[in-house]
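In what follows, chains carry the letters A, B, and so on, assigned in the order in which the sequence lines appear, proteins first and then strands, with residues in each chain numbered from 1. Just so it is clear, the model here is predicted, and its values are computed rather than measured.
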Amino acid sequence: MAQVTREILVNTLEQIALLLELKGENPFKTRAYRNGAEIVQNFDGDIVSLAAQNELKLIKGIGDALQQKLFELASTGTLRYFEDLRSEFPASLFELFELQGLGPKKIKALYDNLGIDSIHSLKEACAGTEITKLSGFGSKTVSKILSTIENREKFAERFRLGEVAPLAETLLERLKNHPKVSRAAIAGSYRRSKETLHDLDFLVASSEPVELTAFFTSFDEVHEIIVQGETKASIRLNNGLQCDLRAVSNEHYPFALQYFTGSKEHNVALRSIALKQGLSLNEYDFTGEVQLPEVREESDIYQALGLEWVAPELRENRGEIEAAQRAELPRLVELDHLRGTFHNHTTASDGSHTLEEMAAAAIDHGLQYLGIADHSQSSVQANGLSEVRLREQIEKIRQYNQEAQDFRLFAGSEVDILKNGELDFEDELLAQLDYCVASVHNAFGLPEKEMTQRIIRAMENEHVTMLGHLTGRLLLKRDPYDLNIEKIIDCAAETRTVIELNCNPWRLDMDWRWWHRARDRNVLTSINPDAHKTEQLQFLAYGVRLARKGWLRREDVLNTMKLSEIQSWLALPKHQR
DNA sequence: GCCGTTTTCGGCCCGACTGTTTTCAGTCG
């Protein structure tokens, strides 16, 4: 039997929901499966083992039927009910659900009447006329389907936070500067700082919503207008990114901001708290028979429900509501708490700027210190430094520091963790450095156990200050390598090894979902841009956003220490840190 | 299919927009 994973449980429930929709089943039954998928996805614990032991009954939203099905799937690897359902339709039918504008009813009509069972056959059918003979399908529907298929081939479905942010902020400024706009924000997953985004949700407060949707859809960057109504509009930009706009009154704005920031799970939990107080919360208002609280800002909504205001990054229903009820939310780290940063490259290896240029840029950023960590000798592809060149660089940094005032460079190395867990330089050389970042750059395919052991061995080295980009993932491009992160975190706690939060928009590694756990074990992070150019020091802003998402406070972040503190800290033997 | 301090049946979020249709179904978020 193949290894059953959480992902398999989730996907199976979601596919059952789709199949039931296709069959025209009771929509609430469909929702129960979809809801179940969400619960399994977000469950904090080993849901697969619990399912295999038939111990899910106490979880709200999982009833007898779902428990039984998850038990069968987790313990045998297959689910008869699902297999039977699935055999009623061709597998390729599922891809039609990926097209915006096509839902179960339309897909069923296409399949039942014309035998259309894939995007390919749909595209062919659109060239003919038979589709327009179906009830509900006119010429506009056909041309819309064709453009959706074309866009799907041309554009990505998701985007990296850091790659979207500059444009997002430009568009937001434009909306804010409109004379009929009193308040504006980007809500949604952008405000929650998810590492990848599907779209941007703009929100404006305005007395002239029609004018604003027209303004929005006339932006130069617009590739197509998806919808445009009186209070909302959707556009696709030239880069493929979808942007939605909601225009609401100033009174409704705090509610809309809260509602459209999400997450859905956070809002569901919030609404149920409201209901217990006799209040109903929606995207525009509080309603109810009781005295309605006065709301001018988003924070007033939380206050009215007896909660601390929850920072958007935390709104994932991962314990923040309970913490807000107890007034125990963390004071999250902020960008201007950072005093320096550690993982940066220069022209000595694969960077674009010299040591002096990087130092000047760091000073411009208001930093008190900058760690230089060029690649080590095994990273030939990145022009890694030989032992001799590293010694020269250390000397150069010492000279720089003799002349520098109120600023300091730290001599480090991004030293490769070799396949067997040994480091790329001898301990004698590592001891000359102020610090050392240890990273994996090859042999990504090792089995989980070996990869974990490899990194643990590196952490056990006295000279390894921190781990670089822990899982090697490249967002939307390359999966993390197999690694037991729980063990890594435990070992980091034991060996006093720092785990980097790599701020490169492609990495944002380690993943934000693990930081709370690391924090609770007193593992420190260092927010590092992995800068290969001076302008990439700006990546620090993304790292801070993800650190906040991981519940990290100022005291959990090594590079919030001021220069004198960090010097003392680095001087300590590792086990005393 | 799930839930319940309104508790074993009856309700489950609903408003905005589009397209095709003469009053509304389907989709989305």
Side-chain angles (χ1 to χ4, degrees), chain A residues 13-14 16-40 56-70 81 85 96-110 131-145 147-148 187-189 197-203 209-210 213 217 224-236 242-248 252 255-256 258-265 267-272 274-278 280-285 287 289:
Chain A
L13 292 180
E14 275 173 356
I16 289 174
L18 281 181
L19 289 161
L20 292 176
E21 276 182 326
L22 276 177
K23 287 174 64 108
E25 261 282 7
N26 174 1
F28 297 108
K29 182 169 168 179
T30 309
R31 187 186 297 173
Y33 277 95
R34 199 156 275 143
N35 189 35
E38 215 161 75
I39 290 164
V40 173
L56 300 178
K57 191 65 190 78
L58 292 178
I59 303 173
K60 194 162 168 281
I62 308 276
D64 290 334
L66 261 69
Q67 162 163 255
Q68 188 50 43
K69 289 184 175 79
L70 288 168
Y81 174 73
L85 260 182
L96 291 175
F97 283 96
E98 293 166 21
L99 300 179
Q100 207 170 29
L102 286 190
K105 301 281 170 54
K106 284 209 157 93
I107 290 171
K108 185 168 165 54
L110 290 168
I131 285 189
T132 51
K133 290 176 188 143
L134 291 181
S135 148
F137 290 80
S139 60
K140 279 200 173 175
T141 305
V142 171
S143 64
K144 217 158 192 180
I145 288 173
S147 101
T148 304
S189 47
L197 313 165
H198 172 65
D199 59 13
L200 290 176
D201 298 297
F202 290 90
L203 179 68
V210 180
T213 55
T217 53
E224 63 165 341
I225 298 170
I226 300 168
V227 296
Q228 179 177 2
E230 294 185 359
T231 62
K232 61 187 267 191
S234 283
I235 55 179
R236 186 176 311 284
Q242 182 175 327
C243 298
D244 300 338
L245 175 75
R246 286 272 182 160
V248 299
H252 291 161
F255 293 95
Q258 196 290 315
Y259 182 89
F260 289 110
T261 296
S263 66
K264 200 167 50 172
E265 296 77 15
N267 287 353
V268 167
L270 212 60
R271 282 200 296 272
S272 89
L275 280 177
K276 284 178 191 149
Q277 302 182 19
S280 171
L281 176 63
N282 64 33
E283 62 198 273
Y284 299 119
D285 263 322
T287 55
E289 303 300 315

Asks: May I ask you to test the Leu13(A)-Leu70(A) pair for a side-chain heavy-atom distance under 4.5 Å?
Replies: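 Yes - at least one pair of side-chain heavy atoms lies under 4.5 Å apart.
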Asks: With respect to the side chain of Gln228(A), which nucleotide from dC2(B), dT18(B), dG4(B) is positioned closest?
Replies: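 For the Gln228(A) side chain, the nearest candidate turns out to be dT18(B).
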Asks: Can you tell me the Watson-Crick or wobble partner of dG15(B), both distances under 3.5 angstrom?
Replies: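 Pairing partner, where one exists within any strand: dC28(B).
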Asks: Between Gly229(A) and Gly61(A), just flag the one whose closest nucleotide in DNA chain B comes earlier from the 5' side.
Replies: Gly61(A)
Asks: Heavy atoms only, 4.0 Å cut-off, all strands: where does Lys108(A) land among base, sugar-phosphate and nothing?
Replies: nothing
Asks: When you measure from the side chain of Thr213(A) to the backbone N and O of Gly229(A), does any donor-acceptor pair fall under 3.5 Å?
Replies: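 Present.
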Asks: Provide, to the nearest angstrom, the distance between the CD atom belonging to Glu38(A) and the P atom belonging to dG1(B).
Replies: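 In whole Å, dG1(B) P and Glu38(A) CD are 19 Å from each other.
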Asks: Return the minimal non-hydrogen interatomic distance between Ala274(A) and Leu281(A), and the atom names on each side.
Replies: CB-CB, 4.2 Å
Asks: Just to be sure I understand the geometry, which residues of residues 21-28 of chain A put a non-hydrogen atom under 4.0 Å away from DNA chain B?
Replies: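 Close to the strand are Asn26(A), Phe28(A).
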Asks: More than 12 heavy atoms of other residues, nucleotides or ligands under 6.0 Å from CD of Glu98(A): is that the case?
Replies: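 Check passes, neighbour count above 12.
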Asks: Roughly how far apart, to the nearest Å, are dT23(B) and dG29(B) at atom C1'?
Replies: 25 Å
Asks: With 3.5 Å as the limit, what N/O pairs link the protein to nucleotides 23-29 of chain B?
Replies:
{"from": "dT27(B)", "atom 1": "OP1", "to": "Gly103(A)", "atom 2": "N", "distance (Å)": "2.7"}
{"from": "dT27(B)", "atom 1": "OP1", "to": "Gly103(A)", "atom 2": "O", "distance (Å)": "3.0"}
{"from": "dT27(B)", "atom 1": "OP1", "to": "Lys106(A)", "atom 2": "N", "distance (Å)": "3.0"}
{"from": "dT27(B)", "atom 1": "OP2", "to": "Lys105(A)", "atom 2": "N", "distance (Å)": "3.3"}
{"from": "dC28(B)", "atom 1": "OP1", "to": "Gly101(A)", "atom 2": "N", "distance (Å)": "2.7"}
{"from": "dG29(B)", "atom 1": "OP1", "to": "Gln100(A)", "atom 2": "NE2", "distance (Å)": "3.3"}

Asks: To the nearest angstrom, how far is Lys60(A) atom NZ from dC2(B) atom C1'?
Replies: 9 Å
Asks: Between dG1(B), dG19(B), dC17(B), spot the one nearest the side chain of Thr141(A), thanks.
Replies: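 Nearest nucleotide to the side chain: dG19(B).
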Asks: If each of Leu134(A) and Gly63(A) is mapped to the nucleotide of DNA chain B with the nearest heavy atom, which maps nearer the 5' terminus, i.e. the 5' end?
Replies: Gly63(A)
Asks: Measure from the side chain of Tyr284(A), starting at C-beta and using heavy atoms only, and say which of dG15(B), dT18(B), dC3(B) lies closest.
Replies: dG15(B)
Asks: With side chain to side chain contact (heavy atoms under 4.5 Å, CB included) as the test, pick out the partner of Asp244(A) among Leu203(A), Asp201(A), Ile226(A).
Replies: Asp201(A)
Asks: Using a cut-off of 4.0 Å on non-hydrogen atoms, how would the nucleic acid contact of Ser280(A) be classed: base, sugar-phosphate, or nothing?
Replies: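 The residue Ser280(A) makes no contact with any strand.
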Asks: Tyr33(A): which residues meet the ring pair (Phe, Tyr, Trp, His ring centres under 6.0 Å) condition with it, sequence neighbours left out?
Replies: none
Asks: Is any side-chain heavy atom of Arg271(A) closer than 4.5 Å to a side-chain heavy atom of Asn282(A)?
Replies: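 No, side chains not in contact.
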Asks: Indicate, with a heavy-atom threshold strictly under 4.0 Å, whether Lys264(A) touches base, sugar-phosphate, or nothing.
Replies: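 Contact class for Lys264(A): none.
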Asks: Taking the minimum atom-to-atom distance to the side chain of Ala32(A), which one of dC2(B), dT18(B), dC17(B) wins?
Replies: dC2(B)
Asks: Roughly how many Å apart are dG26(B) and dT20(B), using the C1' atom of each and rounding to a whole number?
Replies: 11 Å
Asks: How far, in whole Å, is dG11(B) from dC17(B) if one measures between their C1' atoms?
Replies: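 The answer is 27 Å between these two C1' atoms.
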Asks: Are any side-chain N or O atoms of Gln242(A) and backbone N or O atoms of Asp199(A), one a donor and one an acceptor, separated by less than 3.5 Å?
Replies: no
Asks: Hey, does the side chain of Asn267(A) reach the backbone of Tyr259(A) with a donor-acceptor pair shorter than 3.5 angstrom?
Replies: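 Such a contact is found between Asn267(A) side chain and Tyr259(A) backbone.
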Asks: What integer number of Å spans the C1' atoms of dT8(B) and dC3(B)?
Replies: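 Going atom to atom, C1' in each nucleotide, I get 10 Å.
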